[in-house]
Amino acid sequence: RMGMRRGLALLGLILVYGLATMGAFLLLIVPGIHVAVRLATVIPTLVVEGVDVGEAMRRAWARGKGRVLHSLGALLLALLIYLVPAFAVGLLQGLAAFVVDDARMGLILGQLLAGLVTVLAFPIIPLVTQLLYYDLRVRAEGYDLEQMVDALGVPTARGGTPGAVGV
């Protein structure tokens with residue numbers, strides 16, 4: 001039941017994220033990129049923190065504030081890591097059409113190679129998005145410090161001054 005509930009929330013989130021990004025792109029390209037980058041970590045926010053769709057959108061938007069260029073650079077690098085092998089496979093597919101005598105065999109080999117590259121390279125994008133989520137969370141909220149304190153088992157005064165130890 002929990003998986004179904006999280007799955008439905010994830011589907012709703014993807015729909016809302018897509019509509020927000022599409023709406024921003026309709027305004028202009030730059031606002032569309034801005035919205036897409038600030039909300040890029042919305043799926044990891046929903047999954048890791050277990051919040052609802054609206055809260056995931058709000059948190060991802062808040063974490064991205066002032067870090068758009070940082071996030072954009074990471075996402076563009078991930079896209080580049082995916083696109084370079086994909087482009088190389090496209091070139092190899094075109095070359096295979098001339099080299100292989102049987103056109104169908106060249107097409108089959110090209111498709112197999114393209115599928116292999118997709119399977120191996122495409123996970124880079126969600127992996128970088130997940131790492132970006134943790135990076136932004138550490139920068140915005142000091143998440144790593146909270147995790148270290150929790151690992152030590154030191155009671156803290158939640159809601160008090162930072163670093164205050166409860167008794």
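Below, all heavy atoms of this structure are taken into account, side chains as well, without hydrogens, waters or symmetry copies.
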Hydrophobic clustering (ILVMFWY, side-chain heavy atoms < 4.5 Å, transitive) - are [Y] and [X] grouped together?
X	Y	value
L127	L75	no
L79	V84	no
L77	V128	yes

### Message
Would H70 and D135 count as a side chain to side chain contact (heavy atoms under 4.5 Å, CB included) here? Give the steps.
### Response
CA-CA 10 Å; H70 170 76; D135 178 56; 2.4 Å; yes
### Task
Please identify each residue that fulfils side-chain hydrogen bond (donor to acceptor under 3.5 Å, both in side chains) with E49, with sequence neighbours left out.
R59, R63, Y133
Closest non-hydrogen atom pair, [X] against [Y]:
X	Y	value
T129	A40	CG2-O, 3.1 Å
V117	A86	CG1-N, 3.9 Å
T45	V51	O-CG2, 4.1 Å
P85	L80	CD-O, 4.4 Å

### Task
Mind checking the CD1-CG spacing from I124 to L83? Nearest 0.5 Å is all I need.
12.0 Å
#### Entry: Residues forming a side chain to side chain contact (heavy atoms under 4.5 Å, CB included) with F122, sequence neighbours excluded
Y82, T118, I125
### Task
Quick one: do V47 and Q130 satisfy side chain to side chain contact (heavy atoms under 4.5 Å, CB included)? Show the steps, please.
CA-CA 10 Å; V47 173; Q130 185 71 36; over 6 Å; no
